[in-house]
Engineer: 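First the structure, then my questions, so here it is.
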There are 2 protein chains.
Amino acid sequence: MKSTDTIYPAGLYNFQDECMGLLTGVLNASKAASYLIDNQKKPICYKTWQLQPAMHREYLEKFQKIDPLHPTQFVENHDATVVKMNDLVSSQERYSHPYYKDFISPWGVQDIVELFLRVDDKLVAGFALFISKQQPEILLEDLRKAEKLHKFMQFSLEQTLVTPKHNQFEEFCNNFQLTPKERMVVELVSQGLPNKTIASNLHCSLATIKTHLQHIFYKTGVNSKTEITSQLYNQH
Amino acid sequence: MKSTDTIYPAGLYNFQDECMGLLTGVLNASKAASYLIDNQKKPICYKTWQLQPAMHREYLEKFQKIDPLHPTQFVENHDATVVKMNDLVSSQERYSHPYYKDFISPWGVQDIVELFLRVDDKLVAGFALFISKQQPEILLEDLRKAEKLHKFMQFSLEQTLVTPKHNQFEEFCNNFQLTPKERMVVELVSQGLPNKTIASNLHCSLATIKTHLQHIFYKTGVNSKTEITSQLYNQH
DNA sequence: GTGTGTATCAACCAGAAGGTTGATACCGAG
DNA sequence: CTCGGTATCAACCTTCTGGTTGATACACAC
């Protein structure tokens, strides 16, 4: 798909630390772990917070390979941003599966919330927040907060990246199901051209361009040409 | 010549939105307001969340000038990051001072938490979270969460200052020696805002914005707002 | 104190852009 | 063949933008 594999943006290592600080500071986890995803889609750069070194070692050595919610599960699952263990794994499975029976439960963990960060739809980092059995259950409200935190982390991450503008353009046009002609108009609008010039470029009348623009405005919910350009170059 | 005191970072306008979403999504404010600080140290670009328009208008017209915790108080106070109204203002003062007696209290506000973002020690943005009288008091725990959120927002802000996008903005503005106000206009133009909105954001008249635009057009050799945006993010 | 640069605003005009209605023509799916 | 989507264009009107002129006010520099 891409000519070059996605490389971590500079500062992702620091970024990971800051995210951990944010999540553990705002949400009520008893312990936490995070990792980056390398080009082979393997988790690396583990960082932990109040997580017993023995537990971490045990995970890496024995249980990682049978983890039903291993990060690799979510590499291609583009919708997964914030997930909750107890929503994905039935209580039956948690009772019988060795991963939960012999690892998660003995370490006093009641539930796990996991957040995923992506760049160009590729998973680059994950954060696992552990809820201990002594803590109250995770409410929908807590999950919403986690989603808000995730949204900002994702925004912050994207801010630091150079997103290829081609992708932005394609995404914009596909999102709103623009027709081929409408795409061409968007392309020329994004060059900052006035309607008259666009019309002559596409060998049609000014009226036609205006109609196309009306359709584009209607489909995209945008109100002006200027707004189109800003939509294309700013991630919202 | 004046580039030293210009610190307005590109993308701050969007950043402000995201911060508001984060704060209001994670903390339990009943309403919120935020603003950017221009180089005259005045708050501009107000954005509100569940705040009554009438209350905001009242503040701008009558109470801003007697606000004991007006942002200008914190412009030079480098240590202030997260402050709580009830910690800074005695209950006596809250009882007698017209700002609290005639404005804060009548609008049902019990307390305010304010967060400040800085670049190079200079205040660039502020966020005020209003706690209503129906809500529980702010605990130390809540304040710590606010501090964690602040820490990440500050980190994220600093990250955006070294991005290619920001550099392009800086390069564009420096190349053509735009003045601080002109830079702000460029920033808002690049968000796709119509002149009327830009004027209200910078609280000046439409005429002033047009004049600024004329100067920008003259200096940069550009002919329209749309072209500015495409120039900013397209190298050609 | 005069001058230069910045920021502010008003009035005016022409032209561009946005919004609406309506119309024609082509094409492909049902 | 009819219907829906696309592409085309015209006429009309309102609002916004761009361009100009001119003016005031406040800095800071020389």
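Residue numbering restarts at 1 for every chain, and letters A, B, ... go by the order of the sequence lines. Fair warning: this is a prediction, and the values are worked out from it, not measured in the lab.
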Engineer: What is the distance, to the nearest angstrom, from the CD1 atom on B:I198 to the P atom on D:dC16?
Structural biologist: 13 Å
Engineer: Quiz question: by atom type and distance under 3.5 Å, do the side chains of B:T229 and A:T229 form a donor-acceptor pair?
Structural biologist: no
Engineer: Write down the protein N/O and nucleotide N/O pairs, taken from nucleotides 10-21 of chain C, whose separation is under 3.5 Å; answer none if there are no such pairs.
Structural biologist:
{"residue": "C:dA16", "atom": "OP1", "partner": "A:K196", "partner atom": "NZ", "Å": "3.2"}
{"residue": "C:dA17", "atom": "OP1", "partner": "A:N195", "partner atom": "N", "Å": "3.2"}
{"residue": "C:dA17", "atom": "OP1", "partner": "A:K225", "partner atom": "NZ", "Å": "3.1"}
{"residue": "C:dA17", "atom": "OP2", "partner": "A:N195", "partner atom": "N", "Å": "3.2"}
{"residue": "C:dG18", "atom": "OP1", "partner": "A:K225", "partner atom": "N", "Å": "3.0"}
{"residue": "C:dG18", "atom": "O6", "partner": "A:K210", "partner atom": "NZ", "Å": "2.7"}

Engineer: Work out how much the helix from C:dG1-D:dC30 to C:dG30-D:dC1 bends between its end axes, five pairs an end, to the nearest 10 degrees.
Structural biologist: 40°
Engineer: Of all residues at least two apart in sequence or in a different chain, which pass the side-chain contact (heavy atoms from CB on, under 4.5 Å) check with B:A125?
Structural biologist: B:L36, B:L117, B:F127
Engineer: For A:L88, what residues pass the side-chain contact (heavy atoms from CB on, under 4.5 Å) criterion, not counting sequence neighbours?
Structural biologist: A:L69, A:F74, A:V83
Engineer: Side chain to side chain donor-acceptor pair (under 3.5 Å) with B:K196: which residues, sequence neighbours excluded?
Structural biologist: none
Engineer: Using the ring pair (Phe, Tyr, Trp, His ring centres under 6.0 Å) rule, collect all pairs that involve residues 201-228 of chain B, keeping only residues at least two apart or in two chains.
Structural biologist: none
Engineer: Tell me whether the side-chain N/O atoms of A:H215 come closer than 4.0 Å to OP1 or OP2 in D:dT6.
Structural biologist: no
Engineer: Without decimals, in angstroms, what is the distance between B:E182 CD and C:dT6 C1'?
Structural biologist: 8 Å
Engineer: Write down the distance between CG (A:L178) and C1' (D:dT6), rounded to a whole number of angstrom.
Structural biologist: 13 Å
Engineer: Which residues pass the salt bridge (Lys or Arg N to Asp or Glu O under 4.0 Å) test with A:E114, not counting sequence neighbours?
Structural biologist: none
Engineer: With sequence neighbours excluded, tell me which residues meet salt bridge (Lys or Arg N to Asp or Glu O under 4.0 Å) with B:K219.
Structural biologist: B:E182
Engineer: Distance check needed: D:dT6 P versus A:I216 CD1, whole Å only.
Structural biologist: 12 Å
Engineer: Quickly work out the A:E227 CD to D:dC16 C1' distance and round it to whole Å.
Structural biologist: 14 Å
Engineer: With the side chain of B:K181 defined as its heavy atoms from C-beta on, choose the nearest nucleotide among D:dC9, D:dT8, C:dA7.
Structural biologist: C:dA7
Engineer: Can you tell me the distance, in whole Å, between the NE2 atom of A:H212 and the C1' atom of D:dT6?
Structural biologist: 8 Å
Engineer: Output all residues satisfying salt bridge (Lys or Arg N to Asp or Glu O under 4.0 Å) with B:K47, sequence neighbours left out; order by chain, then residue number.
Structural biologist: B:D17
Engineer: Residues in ring-ring contact (aromatic ring centres under 6.0 Å, His included) with B:H56, at least two apart?
Structural biologist: B:Y46
Engineer: So, using salt bridge (Lys or Arg N to Asp or Glu O under 4.0 Å) as the criterion, who are the partners of A:D142 when residues are at least two apart?
Structural biologist: none
Engineer: Just checking B:F63 against B:Y59, ring centres under 6.0 Å apart?
Structural biologist: no
Engineer: Can you pull every protein N or O that's under 3.5 Å from an N or O on nucleotides 28-30 of chain C?
Structural biologist:
none

